[in-house]
Amino acid sequence: MKRSGYRTTFHIYSIFFLSLSGTLLVVCCLFAMLITAPNPNGKNVRSDWAKNFTLDFSDCIIFVDGSPAVKQTGIERLQDSHIGLQILDTAGNEVYACQKPGNAQGTYSNADLLQLNQTGHLDTEDMTSFAGIVTECGKEYVYILHFPVNI
């Protein structure tokens, strides 16, 4: 008995579309893994979360009698995400710190800050650090946020 051409064609196309949909599903999963990273709380967030957090954190830095400090909301954000903070003056000396990691230095040279800005790491690869700049009365301060994840 002869097989119908419609059944064979339908069978071939159904296998093709199932294979195509499976491949697309795998590609979507791999792409999602590529653009996400775990934050310190264990949730998956976009991989640029740390950089955006660093840029937005300048709003949490205030100046009291000419010296930098952090608003209470900023301290809560740091504590919730287990992020360390250092604020440096123009000479690279630390003037303020909050939850500073153990391997963080007290003084940074320009070369250290350049390396930190380019690589995102201090001495170890298990922590990522980002730097930002805040200005008060013409004086610039560098703040470094130390994230306990490798991005």
Side-chain angles (χ1 to χ4, degrees), residues 12-151:
I12 291 171
Y13 279 121
S14 63
I15 290 174
F16 171 74
F17 284 121
L18 285 175
S19 300
L20 181 65
S21 61
T23 304
L24 289 176
L25 182 65
V26 168
V27 167
C28 289
C29 290
L30 290 175
F31 183 72
M33 289 173 53
L34 180 68
I35 64 170
T36 60
N39 72 357
N41 295 331
K43 294 180 183 177
N44 280 338
V45 292
R46 287 178 46 123
S47 59
D48 64 346
W49 169 80
K51 188 68 171 171
N52 290 335
F53 185 92
T54 302
L55 295 175
D56 294 340
F57 194 77
S58 64
D59 298 336
C60 296
I61 298 175
I62 58 173
F63 290 87
V64 179
D65 297 328
S67 62
V70 178
K71 295 179 184 177
Q72 184 63 32
T73 57
I75 292 174
E76 290 170 2
R77 287 175 64 189
L78 292 174
Q79 290 173 345
D80 290 343
S81 299
H82 310 289
I83 300 171
L85 167 72
Q86 286 182 287
I87 300 178
L88 312 173
D89 61 6
T90 54
N93 299 319
E94 179 183 299
V95 293
Y96 182 87
C98 178
Q99 298 183 157
K100 180 172 93 170
N103 64 340
Q105 304 169 10
T107 303
Y108 292 87
S109 67
N110 290 338
D112 292 337
L113 291 174
L114 181 63
Q115 178 188 2
L116 177 74
N117 193 30
Q118 288 178 344
T119 63
H121 300 285
L122 289 171
D123 295 333
T124 62
E125 296 286 326
D126 62 341
M127 180 176 56
T128 304
S129 301
F130 288 104
I133 297 174
V134 65
T135 305
E136 173 68 19
C137 297
K139 248 182 131 175
E140 290 184 341
Y141 292 88
V142 174
Y143 62 95
I144 303 172
L145 293 176
H146 304 282
F147 295 87
V149 292
N150 185 11
I151 299 175

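Bear in mind the structure is a predicted one, so any value in this text is a computation, not a measurement.
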Keeping to residues at least two apart or across chains, list the side-chain hydrogen bond (donor to acceptor under 3.5 Å, both in side chains) pairs with something in residues 18-33. none
In Å, rounded to the nearest 0.5 Å, how long is the span from [atom1] of [X] to [atom2] of [Y]?
{"X": "Thr73", "Y": "Leu78", "atom1": "OG1", "atom2": "CG", "answer": "9.5 Å"}
{"X": "Trp49", "Y": "Asn52", "atom1": "CH2", "atom2": "CG", "answer": "10.0 Å"}
{"X": "Leu114", "Y": "Thr119", "atom1": "CG", "atom2": "OG1", "answer": "9.0 Å"}
{"X": "Asn110", "Y": "Asn117", "atom1": "CG", "atom2": "CG", "answer": "12.0 Å"}

Those residues that, when tested against [X], pass side chain to side chain contact (heavy atoms under 4.5 Å, CB included) (two or more places apart):
{"X": "Ser58", "value": "Tyr143"}
{"X": "Ile62", "value": "Val64, Ala69, Lys71"}
{"X": "Lys139", "value": "Tyr141"}
{"X": "Gln79", "value": "Ile75, Gln99"}

Looking only at heavy atoms, which two atoms of Gly132 and Thr54 are closest? And how far apart? N-CG2, 4.2 Å
Write down the atom of Ile83, the atom of Phe53, and the distance for their closest heavy-atom approach. CD1-CE2, 3.6 Å
Who pairs with [X] by side-chain hydrogen bond (donor to acceptor under 3.5 Å, both in side chains), at least two apart in sequence or on another chain?
{"X": "Ser129", "answer": "His146"}
{"X": "Thr107", "answer": "Asn93"}
{"X": "Tyr108", "answer": "Gln86"}

With Glu136, which residues qualify under salt bridge (charged side-chain N to carboxylate O under 4.0 Å, His left out), at least two apart? none
Pairs flagged by salt bridge (charged side-chain N to carboxylate O under 4.0 Å, His left out) wherever [range] is involved - sequence neighbours left out:
{"range": "residues 13-25", "answer": "none"}
{"range": "residues 87-115", "answer": "Glu94-Lys100"}
{"range": "residues 50-61", "answer": "none"}

Minimum side-chain heavy-atom gap [X]-[Y] below 4.5 Å:
{"X": "Ile87", "Y": "Val134", "value": "no"}
{"X": "Phe130", "Y": "Phe57", "value": "no"}
{"X": "Val95", "Y": "Pro68", "value": "yes"}

